[in-house]
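Report on one structure; see the data block that follows.
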Amino acid sequence: MKKVISIIMAMAMVLGMGAMAFATDISAPGDATSLLKLTGEAATFSVTVPTNLPITLAADGTITVSNTASIVNNSNGAVEVTAVTVTGQNSWTQHAWDGTNALNDQSVGAKIFALKVQAADTNADTASSAAAIGSIAANDSVALTYDAQIAPQKTAIAETSIANVVFTIGWDD
Amino acid sequence: MKKVLSIFLALAMVLGMSAMAFAAPSISAEGDANSEVKLTAEAATFSVTVPTNLPVAVAADGSVTCADAATAKIVNASSGQVKVTAIAVNDTAPYTKVAFSDVATFKGYQADSHKYALKLGTNSTVAEDASVGLTAASGLIGVAINGNNGELPIFYDALSSAFKTAQSNVKIADVVFTVAWF
């Protein structure tokens with residue numbers, strides 16, 4: 001046991017001398033420079049977006065959406081949403097936000113919707129909603145507000161996916 | 001021991017799957033994160049009001065007064081657009097629908113012959129004779145009536161043969177509007 005300890009101590013000494021060998025010596029009054037050297041791991045990138053953005057359409061045409069949706073930045077640095085892209089699913093197509101009739105003038109049963117994210121119409125515009133979300137600080141979150149318009153439906157619909165919303169997210173450079 | 005272990009493993013699998021199903025989508029590198037827009041919808045309420053009555057007042061001289069289009073109208077209280085797909089005018093005996101002509105012609109009919117004529121449309125220009133049949137040209141059929149209390153005005157005009165005695169609110173026909181989602 002003593003032998004093992006003595007070997008370890010000897011190695012420690014040798015290694016310590018080695019560290020000194022890399023020191024900068026000056027042999028006269030003047031400047032000596034030490035370099036500050038960093039070794040770092042890339043920051044953890046971890047951002048969570050809502051699984052679903054639910055929309056409920058009542059028989060009288062009233063629309064209800066979630067008010068708890070958020071994007072959570074679990075990263076160690078600020079992130080930024082650079083694009084919000086909406087793509088219709090299951091034969092549903094997106095329409096421009098209808099400020100006049102709220103799509104109530106569409107044929108009943110038409111698979112047509114309009115969507116605003118962060119108060120910006122997402123139809124053919126991937127930038128405005130993203131800009132409105134903006135930067136999300138490290139370990140912070142931003143409330144995701146959205147609103148929808150749906151053409152009146154002839155028959156009831158039970159929790160059907162009508163669109164994908166793709167948030168393109170990167171470091172906030 | 002093996003049984004306990006297998007139950008534990010099965011539970012772990014089920015719980016693991018549930019967690020995956022409800023996990024919020026996270027991304028661990030710069031790029032795209034996807035949210036699904038999920039719709040739950042009730043069938044739209046269908047609620048359309050047509051005039052209870054289309055009053056026709058015949059004066060002693062044979063002139064006729066009808067309600068104006070601001071009064072006689074179809075109101076769509078649904079949340080979606082509707083349309084009138086057909087209009088049928090069904091006589092109530094002993095009244096008989098005849099071709100729409102003019103007051104002079106109707107004065108030629110015998111008193112109490114119970115003849116009447118009716119024109120319907122969105123205005124006097126396009127109104128069509130009910131004895132011939134109503135088409136889209138009347139402006140009433142096939143036209144979208146907006147939801148949330150959109151209105152379709154009904155212009156109508158009538159002629160009637162003379163009466164020997166005064167009549168009061170006597171039904172002479174049923175006007176049947178067939179309405180559907182637009």
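So you know, we letter chains A, B, ... as the sequences are listed, proteins then strands, and number each from 1.
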Exercise for review: Sort B/N146 into side chain, backbone, both or neither according to what part of it lies under 4.5 angstrom from a heavy atom of chain A.
Suggested key: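 For B/N146, side-chain heavy atoms alone lie under 4.5 Å from chain A.
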With the 4.5 Å side-chain cut-off for hydrophobic clustering, are [X] and [Y] part of the same group?
X	Y	answer
B/V75	B/I141	no
B/V64	B/I172	yes
B/I145	B/F177	yes
B/F100	B/L118	no
B/Y109	B/L159	yes

Study note, to complete from the structure: Honestly, the part of A/T155 sitting under 4.5 Å from a heavy atom of chain B is backbone
Could you tell me if the side chain of [Y] sits less than 4.5 Å from the side chain of [X], heavy atoms only?
X	Y	answer
B/L39	A/I150	yes
A/I55	B/V37	yes
A/F167	B/I27	no

**Study point:** Partner chain B: residue of A/V49, A/I71, A/T48 with the largest heavy-atom pair count (under 4.5 Å)
**Key:**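 Highest number of heavy-atom pairs under 4.5 Å: A/V49.
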Exercise for review: Please report the shortest heavy-atom distance between B/G80 and A/P152, naming the atom on each side.
Suggested key: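 Scanning both residues, the minimum pair turns out to be CA-CG, 3.3 Å.
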Review point. Which pair of non-hydrogen atoms, one from A/Q153 and one from B/A41, has the smallest distance, and what is that distance?
Key: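 The pair with the smallest heavy-atom distance is CG-CB, 4.4 Å.
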Check your understanding: Relative to chain A, which of B/G147, B/A44, B/A33, B/S28 shows the most heavy atom pairs under 4.5 Å?
Key ->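 It is B/A33.
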Check your understanding: Between B/A29, B/S26, B/G31, B/S35, which residue shows the highest count of heavy-atom pairs closer than 4.5 Å to chain A?
Key ->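 The candidate making the most pairs under 4.5 Å is B/S35.
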Exercise for review: Among A/T160, A/L53, A/T51, A/N52, find the residue that satisfies the side chain to side chain contact (heavy atoms under 4.5 Å, CB included) test when tested with B/E36.
Suggested key: A/N52
Point to revise | Residue-level interface, residues 103-116 of chain A with chain B, non-hydrogen cut-off under 4.5 Å | key: A/N104, A/D105, A/Q106, A/S107, A/V108, A/L115
Review point. Which residues, numbered in order, of residues 57-65 of chain A come under 4.5 angstrom of chain B by heavy-atom distance?
Key: A/L57, A/A58, A/A59, A/D60, A/G61
Review point. Which side chain to side chain donor-acceptor pair (under 3.5 Å) pairs, counting each pair once, include a residue from residues 124-148 of chain A, with sequence neighbours left out?
Key: A/Q118-A/T145, A/D125-A/S128, A/S135-A/D172
Check your understanding: Which pairs with one or both residues in residues 53-72 of chain B pass side chain to side chain donor-acceptor pair (under 3.5 Å), sequence neighbours excluded?
Key ->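 Listed by first then second residue: B/D61-B/S63, B/D68-B/T71.
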Check your understanding: Out of curiosity, A/T82 OG1 to B/E30 CD, how far, rounded to the nearest 0.5 Å?
Key ->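 That separation rounds to 8.5 Å.
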